[in-house]
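Quick note on labels: first sequence line is chain A, next is B, and so on, each numbered from 1. Small disclaimer: the values here were computed from a predicted structure and weren't measured.
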Amino acid sequence: MVSAPIVQVSDLASHEGETVTVRGWLYNRTDKGKLQFLLVRDGTGIVQCVAFKGDLPEDVFDAARAITQESSLTVTGTVRADKRAPGFPGGYEIGVTDLQIIQKAEEYPIQPKEHGIDFLLDHRHLWVRSSRPWAVMRVRATVIKAIRDWLDDHGYLLVDTPIITPSAGEETTSLFKVDYFGDTAYLAQTGQLYNEANIASFGKVYCFGPTFRAELSKTRRHLTEFWMVEPEMAFFSLEDLMDMEEEFVTAIVKAALERNRPELELLGRDVSRLEVVEPPFPRISYDEALEMLAEIREQTDDPEQKRLLELEWGKDFGSPHETAIASRFEKPVFVYHYPTEAKAFYMQPVDGRPEVCRSVDLLAPEGYGEITGGSERIYDIALLEERVASLGLPREAYEWYLDLRRFGSVPHAGFGLGVERTVAWICGLEHIREAIPYPRTIKRVYP
RNA sequence: UCCUCGGUAGCUCAAUUGGCAGAGCAAUCGGCUGUUAACCGAUGGGUUGCAGGUUCGAGUCCUGCCCGAGGAGCCA
């Protein structure tokens, strides 16, 4: 047994010519008789290990030959550059001198070939080992770090908000009910109301965590459990909000381009679509968006498309509308001043035009839909009380929230950004379920 | 919740008008010194989602149920 320094596959380039040990799992193999090509993963990358019968003791070569897909192992050998070597990042391979199997895997269900989505999701605990999910989760980690770094560096304080909440924030039909020692509680679908309390202590805050929606939504952009970051800022106007959002979203995209370009290439992402993301983002009003939709409807000959793009004033956009609007722009596009009736009770009406409110959604390009939604909040106590009453909301549940307007209320604004939708957009994924390690959808809580 | 589509070997799929349930990959065994989801030869592998029905005969037709996918509405 040769003892050699343990190195990571991602660092192999700096060990050319040295004898090293890699610990990991067998990703795939090619058996050429006296020559074995073993693709070994270690979490940081994939390296090809080459075992040649003539160079090795018989037992070592036999071990290389017997190893099954996804068996755990340690491989020792000499690092050499070779253009033919596949892997991630590739270009280097290990000439095997020793090899030990830690556990010989049983027949592994996932092959390096096409599989159906149902099968893959049933085996998500194994599928996470495959190169596509691996690349996506690395981008996801970058996105999350970029979110935190940008906010922390720009004067926002992370203030955690509860996941178990006492009352319905918005509609109870979309809340998961929890038995709380005999009382009813709900899983949070937003931390916003608490953020609004926290800004009076810290000025600019954000909460970041999982959030839960019991909606019976069955589309490529919905999960019942997803991660959301919600910044909330005292003394912010709608314009301040858009200025901040475009800087923030640009920083996230840039971080992924800087740190995960190889992963994005592995995913087949056209990164030129991401490289154009720079402030300023186009800004259009809801009314302008409706005109745009009317134009698009006129231009299409597809009767189905015409029907899907119909929208009467006052309604919120569905995904066909969002996709159609976003397709007119290279960059993410802000749509502001939505009809008040389509939005939440706490959004500030526009002066002199109360039928629309100071709200803004950010639509991602390429059909990825709404990635942020936010607004200025009502800060006048009388107006907020009136809204609570007119919508028939339970006043007692909102007493503490109304308090915030009684003790030093200020104009303020905030928004939520959906992490999985952002990751799906950056990675170019077909479906949001690939943007989270263990997706929870209306039909799936396993594994 | 509504609409549409689907469920056949471990996986991806085929099976003519209702007439012997098959292929590729994977697995196992053998061959090959540069493979990139290698290739070549051989072997094993099936309660056709479940329950009924029609029929001489059902993977195929009928009824009910279960499971999943795509889309809509709603939303991030």
Would [X] and [Y] pass as an ion pair if we require N to O under 4.0 Å?
X      : Y      : value
A/D42  : A/R23  : no
A/R80  : A/E16  : no
A/K331 : A/E246 : no
A/D243 : A/R283 : yes
A/R269 : A/E366 : yes

[X] [atom1] - [N] [atom2] separation (whole Å):
X      : N      : atom1 : atom2 : answer
A/H321 : B/rG71 : NE2   : C1'   : 14 Å
A/L266 : B/rU36 : CG    : C1'   : 14 Å
A/Y92  : B/rU36 : OH    : C1'   : 19 Å
A/I442 : B/rA76 : CD1   : P     : 18 Å
A/L126 : B/rA26 : CG    : P     : 18 Å

Just call it for [X]: base, sugar-phosphate, or nothing, with non-hydrogen atoms closer than 4.0 Å on any strand.
X      : value
A/E225 : nothing
A/R132 : nothing
A/R433 : sugar-phosphate
A/K53  : nothing
A/H431 : sugar-phosphate
A/I110 : nothing
A/E93  : base
A/D82  : base
A/L417 : nothing
A/N28  : sugar-phosphate
A/T211 : nothing
A/E420 : nothing
A/I371 : sugar-phosphate
A/K443 : sugar-phosphate

Listed nucleotide nearest any side-chain atom of [X], set [options]:
X      : options                : answer
A/E107 : B/rC74, B/rA27, B/rA69 : B/rA27
A/R84  : B/rC74, B/rA72, B/rU36 : B/rU36
A/R421 : B/rC75, B/rG73, B/rG34 : B/rC75
A/D316 : B/rC32, B/rU35, B/rC75 : B/rC75
A/E215 : B/rU1, B/rC74, B/rG34  : B/rC74
A/L223 : B/rA37, B/rA76, B/rG73 : B/rA76

Going by the ring-ring contact (aromatic ring centres under 6.0 Å, His included) test, which pairs reach into residues 104-124 of chain A, not counting sequence neighbours?
A/H115-A/F119, A/F119-A/H123
Expressed as a whole number of Å, how far does the [atom1] atom of [N] sit from that of [M]?
N      : M      : atom1 : answer
B/rU8  : B/rA14 : P     : 10 Å
B/rC40 : B/rG52 : P     : 45 Å
B/rU35 : B/rG24 : P     : 24 Å
B/rG7  : B/rG59 : P     : 15 Å
B/rC25 : B/rC56 : C1'   : 39 Å
B/rG46 : B/rC11 : P     : 13 Å
B/rC20 : B/rA58 : C1'   : 14 Å
B/rG70 : B/rA23 : P     : 32 Å

Please name the nucleotide paired to [N] by Watson-Crick or G-U wobble geometry with both distances under 3.5 Å, or report none.
N      : result
B/rG64 : B/rC50
B/rG57 : none
B/rG24 : B/rC11
B/rC32 : none
B/rA76 : none
B/rA69 : B/rU4

Given the structure, check if the side chain of [X] and the base of [N] hold any donor-acceptor pair shorter than 3.5 Å.
X      : N      : value
A/R444 : B/rC67 : no
A/S217 : B/rC74 : yes
A/D31  : B/rC32 : yes
A/K218 : B/rG71 : no

Does the ring-ring contact (aromatic ring centres under 6.0 Å, His included) test come out yes or no for A/Y186 and A/F212, once each step is laid out?
CA-CA 9 Å; A/Y186 303 93; A/F212 308 88; over 10 Å; no
Distance check: side-chain N/O of A/K32 vs OP1/OP2 of B/rC32, anything under 4.0 Å?
no
OP1 or OP2 of B/rA72 sitting under 4.0 Å from any side-chain N/O of A/S319?
yes
With rounding to the nearest 0.5 angstrom, report the CG to CG distance, A/L363 to A/D361.
6.5 Å
Is it true that, when you exclude A/K306 itself, more than 12 heavy atoms of the residues, nucleotides or ligands shown sit nearer than 6.0 Å to its NZ?
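Atom NZ in A/K306 is packed in, count exceeds 12.
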Taking atom CD of A/E430 as the centre, report whether more than 12 heavy atoms of other residues, nucleotides or ligands fall under 6.0 Å from it.
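Open: at most 12 neighbouring heavy atoms sit under 6.0 Å from CD of A/E430.
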Classify the ring geometry between A/W227 and A/F208 as parallel (under 30°), tilted (30 to 60°) or perpendicular (over 60°).
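Ring orientation, 0 to 90° scale: perpendicular.
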Looking at B/rG34 and A/F37: do their rings stack (centroid distance under 5.5 Å, interplanar angle under 30°)?
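According to the criterion (under 5.5 Å, under 30°), no, A/F37 does not stack.
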Does A/Y108 or A/V50 map to a spot on RNA chain B nearer the 5' end, using the closest nucleotide for each?
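This one resolves to A/Y108.
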5' precedence on RNA chain B between A/A85 and A/Q69 (nearest-nucleotide basis):
A/Q69
Polar-atom pairs under 3.5 Å, protein N or O versus N or O of nucleotides 11-15 of chain B: list them with distances, or write none.
residue : atom : partner : partner atom : Å
B/rC11  : O2'  : A/H115  : ND1          : 2.6
B/rC11  : O2   : A/K113  : NZ           : 3.0
B/rU12  : OP1  : A/G116  : N            : 2.8

On the ring face of A/Y156, is A/K204 found with NZ or CZ under 6.0 Å from the centre and within 45° of the axis?
yes
